[in-house]
J.: 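Supplied in structure tokens, the structure appears directly below.
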Amino acid sequence: MNKLMEQVLFRACKAGLLLAGLILLIACSPKLDWRTVQSPQERYTALFPGKPDKLERRIPYQEQELQQTLEAVKIDNDIYSISSIQVSANQAAATEKIIRQLKDNLLERAKVSGGMVAEEVATYQTSNRQRLPTIDYFIAFKSNGKAQQQMKVRWITRQASNGDAWIYQISVLHVNANTDDAKTLLSKEEYANFFNEFFPE
């Protein structure tokens, strides 16, 4: 993977997520209002606790572009989001490198802040109810020695029939945290529902 293109790709991803987060933080926070969201273009169905906003962008990668879509909703101190990146068949070999960079970006940020990362083996279901293994990451980000943000995130890769690969990042970000125990907090039912009801094709 070209080093410069890798840096451009993930700076673009980070900028897009930050922009979406700012937009959502400004918006009014609705109460929990669970609804099924169909995203046929991104090849998944999800259950959101409110109507999500949707942002789309194309990001440069190795002299080509990748399609990235973010659907997210803010509920009080929580941001529920699903990021989708489409990797074309001729770039699919780079899928694992892209996922590794996405993970490293978050996990290294937590370590630098003095935070903590816990892993838990989990499963997810596809749209045809096939159950497959995955890993959930529980992350605590710190500032001035205190927990400020907590995050639960999982990454899922799916192969399309045309050879394209889809990378999904499903996450909940909790701000104004007052505990280091991200796993206990983000295992509550309202968060578990969001992860359990995500069904990629």
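Residue indices begin at 1 and follow the sequence shown.
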J.: Answer yes if the side chains of D78 and H174 hold a donor-acceptor pair under 3.5 Å, and no otherwise.
T.: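 Their side chains do contain a donor-acceptor pair, which is all the 3.5 Å distance test asks for.
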J.: L66 and I98: which non-hydrogen atoms are nearest, and at how many Å?
T.: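 For L66 versus I98, the nearest heavy atoms are CD1-CD1, 4.2 Å.
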J.: Among E201, E71, R158, exactly one meets side-chain hydrogen bond (donor to acceptor under 3.5 Å, both in side chains) together with Y44. Which residue is that?
T.: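 That would be E71; it is the only one of E201, E71, R158 passing the side-chain hydrogen bond (donor to acceptor under 3.5 Å, both in side chains) with Y44.
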J.: Under the side chain to side chain contact (heavy atoms under 4.5 Å, CB included) test against Q125, which residue among Q130, E197, R131 passes?
T.: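 Of the listed residues Q130, E197, R131, the side chain to side chain contact (heavy atoms under 4.5 Å, CB included) partner of Q125 is R131.
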J.: Evaluate the criterion side-chain contact (heavy atoms from CB on, under 4.5 Å) for residue pair Q41 and E56; output intermediate values, then yes/no.
T.: CA-CA 11 Å; Q41 186 175 350; E56 297 181 350; 4.2 Å; yes
J.: Please examine the side chains of I167 and T95, heavy atoms only from C-beta on, and report whether any two atoms are closer than 4.5 Å.
T.: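 In short, these two side chains touch, coming nearer than 4.5 Å.
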J.: Is the shortest side-chain heavy-atom distance between T45 and V37 below 4.5 Å?
T.: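 Counting from C-beta outward, T45 and V37 never come under 4.5 Å.
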J.: Could you report the tightest heavy-atom contact between A140 and A110, atom names first, then the distance?
T.: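 Taking every non-hydrogen atom into account, O-CB, 4.0 Å.
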J.: Heavy atoms only: give me the nearest K142-G115 pair and the separation to one decimal.
T.: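 Result for this residue pair: CG-CA, 4.0 Å.
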J.: Just by distance, with hydrogens left out, do N196 and Y124 show a side-chain donor and acceptor under 3.5 Å apart?
T.: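 No donor-acceptor contact under 3.5 Å links the two side chains.
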J.: Is any side-chain heavy atom of L185 less than 4.5 Å from a side-chain heavy atom of Q150?
T.: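 Yes; the side chains approach each other to less than 4.5 Å.
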J.: Of all residues at least two apart in sequence or in a different chain, which pass the ring-ring contact (aromatic ring centres under 6.0 Å, His included) check with W155?
T.: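 Here the qualifying residues are Y137.
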J.: Does K183 form a salt bridge (charged side-chain N to carboxylate O under 4.0 Å, His left out) with D181? I'd like the steps, not just the answer.
T.: CA-CA 5 Å; K183 186 174 179 181; D181 192 353; over 6 Å; no
J.: Out of curiosity, S187 OG to E120 CD, how far, rounded to the nearest 0.5 Å?
T.: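 Taking OG in S187 and CD in E120, the distance rounds to 5.5 Å.
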J.: Does some side-chain heavy atom of T157 sit less than 4.5 Å from a side-chain heavy atom of I99?
T.: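 In short, these two side chains touch, coming nearer than 4.5 Å.
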J.: Between V73 and K51, does a side-chain contact (heavy atoms from CB on, under 4.5 Å) hold up when you go through it step by step?
T.: CA-CA 7 Å; V73 62; K51 184 178 180 181; over 6 Å; no
J.: Can you measure from CZ (R43) to CD (Q86) and round to the nearest 0.5 angstrom?
T.: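 If we round to the nearest 0.5 Å, R43:CZ and Q86:CD are 8.5 Å apart.
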J.: For I82 versus A46, what's the shortest heavy-atom pair and its separation?
T.: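 Closest approach of I82 to A46, heavy atoms only: CD1-CB, 3.5 Å.
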J.: How many angstroms lie between OG in S81 and CD1 in I170, if you round to the nearest 0.5 Å?
T.: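 Interatomic distance, S81 OG to I170 CD1, rounded to 0.5 Å: 9.0 Å.
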J.: Check for me whether the distance between the ring centres of F48 and Y80 falls short of 6.0 Å.
T.: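 Judged by ring-centre distance (under 6.0 Å), F48 and Y80 do not meet the cut-off.
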J.: Ring centroids only, cut at 6.0 angstrom: are F198 and Y168 within range, meaning strictly under it?
T.: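 For F198 and Y168, the ring centres are under 6.0 Å apart.
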J.: Could you give the distance from NZ (K152) to CG (L173), rounded to the nearest 0.5 Å?
T.: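 That separation rounds to 14.0 Å.
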J.: Is it the case that more than 12 heavy atoms not belonging to E189 sit under 6.0 Å from its CD atom?
T.: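 Not buried by this count: 12 neighbours or fewer within 6.0 Å.
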J.: Please determine whether side-chain contact (heavy atoms from CB on, under 4.5 Å) holds for the pair M116 and I139, giving the CA-CA distance in whole Å, both sets of side-chain angles, and the decisive distance to 0.1 Å.
T.: CA-CA 6 Å; M116 292 174 284; I139 308 170; over 6 Å; no
J.: On the ring face of F195, is R154 found with NZ or CZ under 6.0 Å from the centre and within 45° of the axis?
T.: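 Geometry flag: not set, cation outside 6.0 Å or 45°.
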J.: Could you pull out the closest heavy-atom pair between E190 and W34, with the gap in Å?
T.: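 That would be O-CH2, 3.1 Å.
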J.: With a 4.5 Å heavy-atom cut-off, do R58 and Q68 have their side chains touching?
T.: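 Answer no - side chains too far apart.
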J.: Between V153 and D136, does a side-chain contact (heavy atoms from CB on, under 4.5 Å) hold up when you go through it step by step?
T.: CA-CA 6 Å; V153 57; D136 288 338; over 6 Å; no
J.: Any side-chain heavy atom of V87 sitting closer than 4.5 Å to one from I85?
T.: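 Yes, side chains in contact.
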J.: Taking atom CG of N176 and atom CG of N77, what is their separation to the nearest 0.5 Å?
T.: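 The distance works out to 4.5 Å.
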J.: Any non-hydrogen side-chain atom of Q91 less than 4.5 Å from a side-chain atom of D164?
T.: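 The answer is no; the side chains never approach within 4.5 Å.
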J.: Please examine the side chains of F199 and T126, heavy atoms only from C-beta on, and report whether any two atoms are closer than 4.5 Å.
T.: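 Contact flag for T126/F199 side chains = no.
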J.: CZ of R109 to CD of Q149: how many Å apart, nearest 0.5 Å?
T.: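 Those atoms lie 5.5 Å apart.
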